[in-house]
Number of protein chains: 2
Amino acid sequence: MRVMGVDPGLTRCGLSLVESGRGRQITALDVDVVRTPSGDPLHRRLLAISDAVDHWLDTHHPDVLAIERVFSQLNVSTVMGTAQAGGVIALAAAKRDIDVHFHTPSEVKAAVTGNGNADKAQVTAMVTRILALQAKPTPADAADALALAICHCWRAPMLARMAAAEAQAAQQRSKYLAKVKAVR
Amino acid sequence: MRVMGVDPGLTRCGLSLVESGRGRQITALDVDVVRTPSGDPLHRRLLAISDAVDHWLDTHHPDVLAIERVFSQLNVSTVMGTAQAGGVIALAAAKRDIDVHFHTPSEVKAAVTGNGNADKAQVTAMVTRILALQAKPTPADAADALALAICHCWRAPMLARMAAAEAQAAQQRSKYLAKVKAVR
């Protein structure tokens with residue numbers, strides 16, 4: 001499975017591509033940070049990010065996008081821009097019928113380090129080790145984008161099982177309701 | 001000037017089109033509310049909104065888009081979706097090289113009713129009167145989208161004067177700096 005990880009942001013947007021292998025094996029294929037000037041109008045910045053993501057999607061053909069789920073408890077002035085960037089990126093995937101999953105920062109940290117409250121240094125160290133990289137990925141947005149992709153690779157089987165269980169439960173529910181209706 | 005007003009949202013997204021005439025005269029040309037099912041995945045909902053806005057832009061060719069500026073002080077669970085929808089809409093305009101302006105809810109209320117704290121009923125009543133509509137626009141998202149477009153029509157000359165003044169100040173600053181450099 002080829003997963004594109006995205007740490008959304010207007011000033012710096014981390015993009016990564018990994019390929020999951022047997023078991024928990026993962027290979028990093030690409031990583032980059034897209035930057036847009038803070039003085040530019042918002043819609044121009046969103047267009048620059050959208051263009052970069054379009055290029056990535058058309059070059060790398062990921063099977064799925066993993067985007068960081070933004071919370072508004074963070075810095076109010078940056079969080080809206082982050083959400084808008086995330087929306088534009090999810091749209092680019094939807095236009096290509098590529099599935100999108102959102103993971104919270106603590107889900108990512110827990111998946112990669114085993115600790116949902118790990119700091120940036122710990123996440124970067126584990127990402128470097130998991131992907132057997134020669135050097136630590138910088139800036140932090142690059143490491144975060146890789147961590148998101150790793151998180152999705154490892155959570156995907158569990159998410160698939162949960163979706164299957166939910167679908168089965170829904171099916172049984174409708175079967176039961178049909179039976180009840182027939183008895184009446 | 002043809003202005004498209006947007007009250008962004010995932011569940012209900014208000015779209016309006018008005019044409020400004022002489023003085024403060026404004027004519028409503030179209031208004032609609034795009035809805036997306038709350039059970040759909042986020043990226044599918046954003047795609048539905050993006051498709052609807054693409055269709056509006058290609059049909060109506062507005063000169064400028066006026067979008068409500070979202071604040072995260074509001075309901076945390078809906079504000080992120082609203083920001084993401086706004087981002088996708090701003091992107092659609094940027095792709096067509098259409099200018100985008102953001103106005104806060106209080107700027108809109110102040111422009112339309114003269115009171116930045118006006119309630120929804122007052123805004124709807126004033127929108128109905130300003131545009132000489134036969135009936136009140138419903139739901140509230142439709143009235144809000146019209147109010148945004150009205151707000152932009154009336155604020156545009158002031159915004160243009162401010163931008164011109166800023167550009168002039170920047171020019172004088174760089175002239176002065178060049179002179180200082182030459183003297184040294």
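We name chains A, B, ... by the order of the sequence lines, and we start the count at 1 in each one.
B:Ala83 and A:Gln84 make their closest contact through O-CG, 3.0 Å (heavy atoms, listed as atom of the first residue, atom of the second, distance). Contact detail for B:Leu65 and B:Ala93: the closest heavy-atom pair is CD2-CB, 4.0 Å. When all heavy atoms of B:Gly87 and A:Val88 are compared, the pair lying nearest together is O-CG2, 3.6 Å. Taking all atoms of both residues into account, the shortest heavy-atom contact from B:Ala118 to B:Val123 is CB-CG2, 4.4 Å. Between B:Glu68 and B:Pro105, the shortest heavy-atom contact is OE2-CG, 3.7 Å.
Here A:Leu57 contributes atom CG and A:His61 contributes atom NE2; the two are 9.0 Å apart, rounded to the nearest 0.5 Å. One distance of note links CG of B:Asn115 with CD of B:Gln122; it measures 6.0 Å at 0.5 Å rounding.
Scanning residues 140-179 of chain B against chain A with a 4.5 Å heavy-atom cutoff picks out nothing at all. Residues of residues 10-46 of chain B that come closer than 4.5 Å to chain A, counting heavy atoms only, are B:Leu42, B:His43, B:Arg44, B:Leu46, ordered by residue number.
Pairs of residues two or more places apart, or lying in two chains, never qualify as ring-ring contact (aromatic ring centres under 6.0 Å, His included) while including a residue from residues 6-36 of chain B. For the salt bridge (charged side-chain N to carboxylate O under 4.0 Å, His left out) condition, the pairs that include at least one residue of residues 48-67 of chain A, sequence neighbours left out, are A:Asp54-A:Arg96, A:Asp58-A:Arg96.
Counting heavy-atom pairs closer than 4.5 Å to chain B, the top-ranked of the candidates A:Thr82, A:Val100, A:Ile89 is A:Val100.
Using a distance-only test at 3.5 Å, with no hydrogens or angles considered, a donor-acceptor pair links the side chain of A:Arg2 to the main chain of A:His60.
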